[in-house]
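Chain A is the first sequence line, chain B the second, and so forth, proteins listed ahead of strands; every chain is numbered from 1. Side chains included, hydrogens not; waters and symmetry mates left out as well; all remaining heavy atoms used.
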Amino acid sequence: MRSLRSPLSRARGLGSAKAGTEHWWGLKLTSLALVPLTLWFVASVIAHAGASHAEVVAWLSRPVNAVLMILTLGVTFHHMAQGTRSIIEDYVHHEMAKTGTIVSVNGLCWIMAVATIFSVLRIAFGG
Amino acid sequence: MANGSRPLSPHLSIYRPQLTSALSIMHRITGVALNIGTLLLAWWLIAAATGPESFAVVQGFLGSWFGMLILFGWTWALMYHLCNGIRHLVWDAGYWLELPQVYLTGWIVVGASFGLTLLVWIAGLIAL
């Protein structure tokens, strides 16, 4: 079937939103990944309700749990950044304020992601 | 685009809330609530990595009635956002976009969010 896109659109590549569908697709992928990861996380929290510090450390030190926890954290913070960006784009219309807020949220999510993943690694390797 | 105070059609003031619009905004609200809750999770993890004393502070807060209230609300927000998120993914695949199906899945999401929250908390209390 012949594409309905104009030659200029195909040349520019990204459509009138200027970023194509990357943001939307990324949000869908992180959402999909978060379904099993969140279920694993919730089940783990239930299993460790009231656990002592030593038990938590022992649990996170196991490679499978550390890897799953890191994946959950990374995907969650990415999803959080994308979702919050959608909200900001809907309500902030001043270009500089919008850009500044989105950049700040992305930065905050990056910091939190690195801090939490570092914590998991520290527990897993340090004990 | 000029940002002056041009006349706008009324929307929130005249439109009756429906399941569709209510669940939609609730998805966004739970998303923001989960943002805050995830910061709490981050605090918990960082405290766990720092040592038993910091961990005890977080556990103490989470064990208080205020902390438990926050955790319960966060669980519900998570279950709602998860179920409605799956509903969104089903829509993205092109399925169940007819109005009766939208309403049916909508009520299922509402029921499931409360049911799953209770399930998680009962399971957690049993595990204690």
Original post:
Side chains of B:Leu45 and A:Leu60: closer than 4.5 Å at any heavy-atom pair?
Top reply: yes

Original post:
Under a single-linkage definition using a 4.5 Å side-chain heavy-atom cutoff for Ile, Leu, Val, Met, Phe, Trp and Tyr, are B:Ile122 and B:Trp76 assigned to the same hydrophobic cluster?
Top reply: no

**OP:** Measure A:Phe118 against the heavy atoms of chain B and call it side chain, backbone, both or neither at under 4.5 Å.
**Re:** neither

**OP:** Before giving the answer on side-chain contact (heavy atoms from CB on, under 4.5 Å), spell out for A:Met112 and B:Thr38 the whole-Å C-alpha distance, their side-chain angles and the decisive distance to 0.1 Å.
**Re:** CA-CA 9 Å; A:Met112 299 310 308; B:Thr38 307; over 6 Å; no

Original post:
Applying the 4.5 Å side-chain criterion to the ILVMFWY set and letting contacts propagate, would A:Phe125 and A:Met69 be lumped into a single cluster?
Top reply: yes

Original post:
Measuring heavy-atom distances to chain B, does A:Val45 have an atom under 4.5 Å in its side chain, in its backbone, in both, or in neither?
Top reply: neither

Subject >> Per-residue contact mode, A:Leu32 against chain B (heavy atom under 4.5 angstrom) >> reply: both

**OP:** Drop me the distance from A:Leu39's CG to B:Leu116's CG, to the nearest 0.5 angstrom.
**Re:** 8.5 Å

Subject >> chain B contact via A:Val42 - side chain, backbone, both or neither, heavy atoms under 4.5 Å >> reply: side chain

**OP:** Take atom CH2 of A:Trp25 as the centre, draw a 6.0 Å sphere, and report whether it contains more than 12 heavy atoms from other residues, nucleotides or ligands.
**Re:** no

Subject >> Closest-packed option against chain A by number of heavy-atom pairs under 4.5 Å, given B:Leu125, B:Thr75, B:Leu41, B:Thr50 >> reply: B:Leu41

**OP:** Check each atom of B:Leu62 against the heavy atoms of chain A and say whether the ones under 4.5 Å are side chain, backbone, both or neither.
**Re:** neither

Original post:
Of all of B:Ala127, B:Gly124, B:Gly85, B:Pro52, which one pairs up most often with chain A through heavy atoms under 4.5 Å apart?
Top reply: B:Pro52

Original post:
Is it the side chain or the backbone of A:Thr38 that comes within 4.5 Å of chain B heavy atoms, both, or neither?
Top reply: side chain

**OP:** Please say whether more than 12 non-hydrogen atoms of neighbouring residues, nucleotides or ligands are located less than 6.0 Å from CH2 in B:Trp96.
**Re:** no

Subject >> Residue part contacting chain A, namely of B:Asp92, when any heavy atom lies under 4.5 Å >> reply: side chain

**OP:** Indicate the ring-plane relationship of A:His79 and B:His81, choosing parallel, tilted or perpendicular according to the 30° and 60° boundaries.
**Re:** perpendicular

Original post:
Side chain, backbone, both or neither: which part of B:Ile46 has an atom under 4.5 Å from a heavy atom of chain A?
Top reply: both

Subject >> Distance (rounded to the nearest 0.5 Å) between B:Leu78 CG and A:Leu34 CG >> reply: 9.5 Å

**OP:** Using a cut-off of 6.0 Å, state whether more than 12 heavy atoms not belonging to B:Tyr103 lie near its atom OH.
**Re:** yes

**OP:** Give, as side chain, backbone, both or neither, the part of A:Ala113 having an atom under 4.5 angstrom from any heavy atom of chain B.
**Re:** neither

Original post:
Transitively linked via ILVMFWY side-chain contacts under 4.5 Å: A:Val105 with A:Leu108?
Top reply: no

Original post:
Same cluster or not: are B:Trp74 and B:Tyr80 linked, directly or through other Ile, Leu, Val, Met, Phe, Trp or Tyr residues, by side-chain heavy atoms under 4.5 angstrom apart?
Top reply: no

Subject >> Segment of B:Leu89 engaging chain A (4.5 angstrom heavy-atom cut-off) >> reply: side chain

Original post:
What about B:Leu34 and B:Ile36, same hydrophobic cluster or not, with Ile/Leu/Val/Met/Phe/Trp/Tyr joined at side-chain heavy-atom distances under 4.5 Å?
Top reply: no

Original post:
Is it the backbone or the side chain of B:Trp44 that comes under 4.5 Å from a heavy atom of chain A, or both, or neither?
Top reply: side chain

Original post:
Where does A:Leu121 contact chain B at under 4.5 Å (heavy atoms): side chain, backbone, both or neither?
Top reply: neither

Subject >> Part of B:Ile126 within contact of chain A (heavy atom distance under 4.5 Å) >> reply: neither

Original post:
How about A:Arg62: does its CZ atom have over 12 heavy atoms from other parts shown lying under 6.0 Å from it?
Top reply: no

